[in-house]
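Contents: one structure, followed by commentary.
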Amino acid sequence: MINKQVGDLAAAMLGIQSGAALMISGFGNAGIPANLVRALAPMDLTGLTLIINAIRRLDDCDAALFNEQRISHVITTAFRGPGAMPANFEAQWQRGDVTLEIVPQGTFAERIRAGGAGIPAFFTPTAAGTTLAEGREQRLFGGRMCVLEEALKADFALLRAQKADRFGNLFFRGTQANFGTAMAAAAEITVVEVDEISATPLPPEQIHLPGIYVDRVLQAPRLD
Amino acid sequence: MINKQVGDLAAAMLGIQSGAALMISGFGNAGIPANLVRALAPMDLTGLTLIINAIRRLDDCDAALFNEQRISHVITTAFRGPGAMPANFEAQWQRGDVTLEIVPQGTFAERIRAGGAGIPAFFTPTAAGTTLAEGREQRLFGGRMCVLEEALKADFALLRAQKADRFGNLFFRGTQANFGTAMAAAAEITVVEVDEISATPLPPEQIHLPGIYVDRVLQAPRLD
Amino acid sequence: MAKPLNRDQMAWRAAQDLPDGAYVNLGLGMPVLAASHAPVDRDIFFQSENGILGVGALPEPGQGDRELVDAGSRVVTLRDGASIFDSAASFAMIRGGHLDITILGAFQVAANGDLANWDALMADKGPLIGGAMDLAVGARAVYVIMRHQNKDATPRLVDVCTYPLTAVGVVKRIYTDLAVLDIDARGFVAREIIPGLDRADLAAATGAPLTFAADCRDLTAPKFDDGD
Amino acid sequence: MAKPLNRDQMAWRAAQDLPDGAYVNLGLGMPVLAASHAPVDRDIFFQSENGILGVGALPEPGQGDRELVDAGSRVVTLRDGASIFDSAASFAMIRGGHLDITILGAFQVAANGDLANWDALMADKGPLIGGAMDLAVGARAVYVIMRHQNKDATPRLVDVCTYPLTAVGVVKRIYTDLAVLDIDARGFVAREIIPGLDRADLAAATGAPLTFAADCRDLTAPKFDDGD
């Protein structure tokens, strides 16, 4: 019998190892898997790659990840925090402890979607003719210059949703879904924290992400 | 004020001209825009390109389209009908009156999705190493041979849904959506026939396709 | 005398290899019969390429929702935990490697796993390709159900496919009316053979070198009356 | 003496050009102010790149759903007819050319429509790119709201952008504190200019040749007290 519910954070995070690539969903304060993220720092990992829309959200969520220098590479659309002082991760980037790949947000979303959809690469007009396209393959389609972009995949995806059932089907509230649906399909193992695990199957019309993309669901309260 | 409801078939079909490329949704008997399709034959058009998953569904729906030789090109995943006698369109293909592009169904869906998503081309492993890939650009990604496929777009998309509101938001019942969501985004003008036009806005959690992709909705009973 | 399996028996045998918790796509024809033969104590999700994960039983005749159909255009129901989505999402699921198993029909399978199942080179017939090419490259394991030979006794397990390929080197296992075979570095490897059939006769019915697994055993199935 | 528009006035002016029925994405900063200045008799859908079509008013402080936020991470509400989707779908909408208008902030706009709005080459600051590149290539019309000059009086309307580009040749219209300008084959074309400002002074404040439309008129806006 399929039952994707896990009982605690240890079971949720099982198998994440040093050197792993992690996708972390969330936009603004919506859909942030804060319980899972905060479980990372104590795991004594090094050399992590993070694939995350806005890295400063992570700094807000658990700066210990950076304090303990667990992260070596970041793929993101927004590396800079607001304010005059660099955020913790930013100082590490300046010292060269963290390397960085900056990606336009739509290309970021589409590369992750491609990773889950079996599309290894695609052309997009985004960033054509800019410094981000330098040294990359560009080609005209219909008179428009486009850049070749490759899919993103990961070992684990961490996300937050409102509801799950034992099959791993997910219902997102508000704008919780954001990068989560694409990340769940692009990662080998997808771990989801939810407000509620429904005792009955979610009705099909409530399912935003089919359970086939979800490996573990953990009930955990929303953290601020 | 946005109001995408149209009052009759003539308004729904307005602007479809000879030489137009039409996407027609439907899989099996689900989501077939039969009212709209049957309105095509009497319009005195020629040189139409049809982008449709299974061309024999159209033959079932309104063979007059083929009788009157309105169609000159078909992009499809299934051209053959069952049974010993060739269907009407098949005879025309044999005579060379209709030309044909045959596409694997997943590539068909993804090319249409790409057309609506601003992705001009993508690589896919589907059909690599087969006769369908002959003469096409192939490239290895991660040790796997892939074929370059270009986006499909159209002048009009015709689909059927269960419910719409004045904003053009759509709710699909059962497996009605199939190619419709992708086609609506890939066509310049999207026309939808529905069982019901809701007097109040569809609630966000019921919307399968945002109204931005829909230009006209017509209330019309499901035809067999 | 050795009695070949009928259609339902072949489908039944394939269905026994679907593990608990599996996500499975079944092709039209014999493969889709496997759904009704899956062990009832296993929690299996059947995917339909037109946008269902979790196809349920067929409804009573005249019942069911005519806007809810499977890849064979049959009106179907949904099982507990099922979800519905559009074709682009369905093939993202298929192509993206999320299905554990697909079972397909075939005209020919080659000893290197090449699959030919979409174009039998019928004169004057338009092509029909459907979702087979995507399933064949996308599923984690590709199994085939087909008769071991054509009606004229020419082999369907071959050295090199003569029909146009669906995909290159993808087939892992074949269920025929005579045997269950795996494909590995040795080529075709018989794992099960119907009782009473000589190994030499199976090899003769196979169009490429045939190895027998060390533990090759009898292929048996319950009786099904499928009018075959 | 000519009084430059303040932030709200610039946003108000831009908002007057949003037609009834338009689908519009507003960038962070001044552009997003345009939403509250849109004429109330027009039915306009504001898109938020994180997955909303139909952003409504801001909720009362302390109200609203904290899991429903806009691209600026503000808790928002939904308007009638709004829909919600994920980021991949949102950028498919953006990149696919479905939005009628995007209004963005900018550091520089060149006379050929080149846009620079993501990297001001600040030393020791990590990059922040967000969705601007996708919006700039995807929307049917790209409008910019920005001050006409930097604080040191260097121009932001330039011959060639010196900051890294966001997109090539995309900007169609610019709303500044001094003027409304279109970009066409002639380069910058002033359509409106604030009362009391000499045309020669506007040209001097512009870092590329400036043409005046035959019907160039006064740029006026209601008073808004934005503390600017």
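Keep in mind the model is a prediction, meaning the values are calculated, not measured. In the text below, chain A, chain B and the rest are named by the order of the sequence lines, each starting its count at 1.
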Chain B contacts, top residue of [options] (heavy-atom pairs, under 4.5 Å):
| options | result |
| --- | --- |
| C:Asn50, C:Leu68, C:Leu165 | C:Asn50 |
| C:Arg74, C:Met133, C:Met122, C:Glu49 | C:Met133 |
| C:Val168, C:Asp119, C:Val69 | C:Val69 |

message: Strictly distance-based, threshold 3.5 Å: is any side-chain N or O of C:Ser87 a donor or acceptor partner for the main-chain N or O of B:Gly106?
response: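 No, C:Ser87 side chain to B:Gly106 backbone: no donor-acceptor pair under 3.5 Å.
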
- request: Would you confirm whether C:Glu67, through its side chain, and B:Gly31, through its main-chain N or O, come within 3.5 Å as a donor-acceptor pair?
  value: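 Side chain of C:Glu67 to backbone of B:Gly31, a donor-acceptor pair under 3.5 Å: yes, one is there.
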
Does any backbone or side-chain atom of [X] lie under 4.5 Å from a heavy atom of chain B? Answer side chain, backbone, both or neither.
| X | result |
| --- | --- |
| C:Ile84 | side chain |
| C:Ser90 | neither |
| C:Asp70 | backbone |

For chain C, which of [options] has the most heavy-atom pairs under 4.5 Å?
| options | answer |
| --- | --- |
| B:Thr76, B:Asn53, B:Thr181, B:Leu100 | B:Thr181 |
| B:Ala109, B:Ala30, B:Pro104, B:Ala78 | B:Pro104 |
| B:Arg113, B:Arg144, B:Arg173 | B:Arg173 |
| B:Pro125, B:Gly28, B:Gly180 | B:Pro125 |

Where on [X] is there a heavy atom nearer than 4.5 Å to chain C: the side chain, the backbone, both, or neither?
| X | result |
| --- | --- |
| B:Ala54 | neither |
| B:Leu132 | side chain |
| B:Ile112 | neither |

query: Among all residues two or more places apart in sequence or in another chain, which pass the ring pair (Phe, Tyr, Trp, His ring centres under 6.0 Å) test with C:Phe91?
result: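 Residues passing ring pair (Phe, Tyr, Trp, His ring centres under 6.0 Å) with C:Phe91: none at all.
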
With a 4.5 Å heavy-atom cut-off, do [X] and [Y] have their side chains touching?
| X | Y | answer |
| --- | --- | --- |
| C:Thr166 | B:Thr130 | no |
| B:Trp93 | C:Pro127 | yes |
| B:Thr107 | C:Asp134 | yes |
| B:Gln105 | C:Ile129 | no |

message: Tell me if the NZ atom of B:Lys153 is crowded by more than 12 foreign heavy atoms within 6.0 Å.
response: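 No, not enclosed.
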
- request: Could you tell me whether B:Gln69 atom CD has more than 12 heavy atoms of other residues or ligands within 6.0 Å of it?
  value: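 More than 12 within 6.0 Å, yes.
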
task: Could you tell me which non-hydrogen atom of B:Ala177 sits nearest to which non-hydrogen atom of C:Asp86, and how far apart they are?
output: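 Nearest pair, atom of B:Ala177 first, then C:Asp86: CB-CB, 4.1 Å.
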
message: Determine whether C:Trp118 and B:Thr131 satisfy the following criterion, side-chain contact (heavy atoms from CB on, under 4.5 Å), listing intermediate values before the conclusion.
response: CA-CA 11 Å; C:Trp118 75 280; B:Thr131 53; 3.9 Å; yes

message: Can you tell me how far apart OG1 (B:Thr124) and CZ (C:Arg95) are? Round to the nearest 0.5 Å.
response: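 So the OG1 of B:Thr124 and the CZ of C:Arg95 are separated by 5.0 Å.
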
